[in-house]
A.B. asks: 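Structure in structure tokens, see below.
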Amino acid sequence: MNIHTPAVLPGLAWTLRPAEEADIEAIAELRATVMRPDLVRLGRYDEHRVRQRLRDSYAPGHTSVVLAEGAFAGSVTLRPQDGAGGWWLEHFYLSPAVQGRGLGTAVLRSLLAATDAEGAPVRLDVVQGSRARRLYERHGFTVEREDPIDVYMVRAPGGGASGDADAGGGASGPTPR
């Protein structure tokens with residue numbers, strides 16, 4: 001599912017466009033940048049592996065590139081969840097230059113509006129201690145389970161949203177192991 005509706009936040013025009021194969025390296029590099037602090041804190045950062053994990057799971061048909069003011073600002077993947085129904089949200093990364101401006105909230109709301117219209121749950125995982133977890137919790141995600149590295153979350157259809165602040169980091173998806 002890709003949502004590609006142009007929108008404007010106060011002082012920031014943004015849109016989503018379908019990802020292409022050529023976007024893989026820009027997204028892999030952004031992933032390494034935004035996940036580095038959390039992975040270093042957890043003792044899990046590996047310069048090669050953090051990028052390779054994205055390359056290994058990249059699905060351009062389910063990925064959108066976030067553009068802010070017409071420039072690359074991030075990515076998000078929303079793919080069908082194998083065997084369980086619903087959707088899996090991953091690879092939601094925003095450039096540090098646009099974090100904290102409500103963009104994460106706006107993108108997440110647009111995706112969740114589409115999944116809510118289908119009546120489908122959404123699942124994701126986020127690394128322990130990530131600031132992105134607060135963004136997901138504000139939008140109705142709850143913890144299903146956790147381990148020392150990851151927190152697995154789910155949001156029922158119509159799970160609701162509160163607050164407008166953007167948590168910033170925006171790192172979800174499989175953790176480099």
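Throughout, residue positions are numbered sequentially from 1 according to the sequence presented.
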A.B. asks: Do the non-hydrogen side-chain atoms of R123 and M153 ever get within less than 4.5 Å of each other?
C.D. replies: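 A side-chain contact under 4.5 Å is absent here.
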
A.B. asks: Looking at A68 and L103, what are the two nearest heavy atoms and their distance?
C.D. replies: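 Looking at all heavy atoms of both residues, the closest pair is CB-CD2, 4.4 Å.
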
A.B. asks: Check V126 against A132 and note the closest heavy-atom contact, atom names and distance.
C.D. replies: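 So the two residues come closest at CG2-CB, 4.1 Å.
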
A.B. asks: Below 4.5 Å, heavy atoms only, C-beta onward: do V143 and V154 meet side chain to side chain?
C.D. replies: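 They are not in contact (no side-chain heavy atoms under 4.5 Å apart), so the answer is no.
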
A.B. asks: Is it true that W14 and E69 share a donor-acceptor pair across their side chains at a distance under 3.5 Å?
C.D. replies: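 Side-chain D/A pair, E69 to W14: absent.
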
A.B. asks: Going by heavy atoms in the side chains, are V66 and S75 under 4.5 Å from each other?
C.D. replies: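 Counting from C-beta outward, V66 and S75 never come under 4.5 Å.
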
A.B. asks: Taking the side chain as C-beta and beyond, is there a heavy-atom pair between S95 and L30 under 4.5 Å?
C.D. replies: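 Yes. Closest side-chain heavy atoms under 4.5 Å.
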
A.B. asks: Kindly indicate, with the supporting measurements, whether the criterion salt bridge (Lys or Arg N to Asp or Glu O under 4.0 Å) is fulfilled by D23 and R17.
C.D. replies: CA-CA 11 Å; D23 293 316; R17 70 155 171 83; 2.8 Å; yes

A.B. asks: Just wondering, more than 12 heavy atoms not from R36 lying within 6.0 Å of its CZ?
C.D. replies: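 No, not enclosed.
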
A.B. asks: Pair V107, V76 - check side chain to side chain contact (heavy atoms under 4.5 Å, CB included), show working.
C.D. replies: CA-CA 9 Å; V107 170; V76 63; 4.2 Å; yes

A.B. asks: Are W87 and L111 packed together at the side-chain level, in the sense that at least one heavy-atom pair is separated by less than 4.5 angstrom?
C.D. replies: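 Result no, sub-4.5 Å side-chain heavy-atom pair not found.
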
A.B. asks: I need the D125 CG to E144 CD distance, nearest 0.5 Å.
C.D. replies: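 It comes to 11.0 Å.
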
A.B. asks: Any heavy-atom pair between the side chains of L78 and H62 that's under 4.5 Å?
C.D. replies: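 Side chain of H62 against side chain of L78, heavy atoms only: no contact under 4.5 Å found.
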
A.B. asks: Between CG of D147 and CD of Q128, what distance do you get to the nearest 0.5 Å?
C.D. replies: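 Taking CG in D147 and CD in Q128, the distance rounds to 7.0 Å.
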
A.B. asks: Is it true that a side-chain atom of Q99 and a backbone atom of L94 form a donor plus acceptor pair closer than 3.5 Å?
C.D. replies: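 Between the backbone of L94 and the side chain of Q99 there is a qualifying donor-acceptor contact (under 3.5 Å).
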
A.B. asks: Using a strict 4.0 Å threshold on nitrogen-to-oxygen distance, state whether E25 and R51 make a salt bridge.
C.D. replies: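 Looking at E25 and R51, the cut-off is not met.
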
A.B. asks: Using 0.5 Å steps for rounding, measure from the CD1 atom of I149 to the CG atom of D38.
C.D. replies: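 Here the rounded value is 10.5 Å.
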
A.B. asks: Give, for atom CD of E20 and atom OG1 of T63, the distance between the pair rounded to the nearest 0.5 Å.
C.D. replies: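 Rounded to the nearest 0.5 Å, the CD-OG1 separation comes out at 12.0 Å.
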
A.B. asks: From L135 CG over to T105 OG1, what is the distance, rounded to the nearest 0.5 angstrom?
C.D. replies: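 Taking CG in L135 and OG1 in T105, the distance rounds to 5.0 Å.
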
A.B. asks: Using the rule given for side chain to side chain contact (heavy atoms under 4.5 Å, CB included), can you reason through D46 versus V50, listing the C-alpha separation, both sets of side-chain angles and the distance that settles it, and then say yes or no?
C.D. replies: CA-CA 6 Å; D46 176 289; V50 71; over 6 Å; no

A.B. asks: Counting C-beta onward and ignoring hydrogens, is there a side-chain heavy-atom pair between P121 and Q81 closer than 4.5 Å?
C.D. replies: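 The answer is no; the side chains never approach within 4.5 Å.
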
A.B. asks: Tell me if a side-chain donor or acceptor on S130 pairs with a main-chain N or O of V127 at a distance below 3.5 Å.
C.D. replies: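 No.
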
A.B. asks: Using modelled atom types only, decide if a donor and an acceptor are shared between the side chain of R31 and the backbone of H91 within a distance under 3.5 Å.
C.D. replies: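 Flag not set: sc R31 to bb H91 has no pair under 3.5 Å.
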
A.B. asks: Using only atom types and a distance under 3.5 Å, with no angle test, would you say the side chain of R49 pairs donor to acceptor with the backbone of Y45?
C.D. replies: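 Side chain of R49 to backbone of Y45, a donor-acceptor pair under 3.5 Å: no, none is there.
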
A.B. asks: Mind telling me whether F141 and Y136 have parallel, tilted or perpendicular rings, with 30° and 60° as the class edges?
C.D. replies: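 Y136 vs F141 ring planes: perpendicular.
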
A.B. asks: For residues I27 and L54, determine if any side-chain heavy atom of one lies less than 4.5 Å from a side-chain heavy atom of the other.
C.D. replies: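 With C-beta onward as the side chain, the pair touches.
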
A.B. asks: Given the rule in the side chain to side chain contact (heavy atoms under 4.5 Å, CB included) test, do E90 and L124 qualify, once you have shown the distances and angles that lead to the verdict?
C.D. replies: CA-CA 6 Å; E90 63 186 345; L124 59 83; over 6 Å; no

A.B. asks: With salt bridge (Lys or Arg N to Asp or Glu O under 4.0 Å) as the criterion, how do D116 and R155 come out once you've worked through the C-alpha distance, each side chain's angles and the decisive distance to 0.1 Å?
C.D. replies: CA-CA 10 Å; D116 285 350; R155 181 183 181 274; 2.7 Å; yes

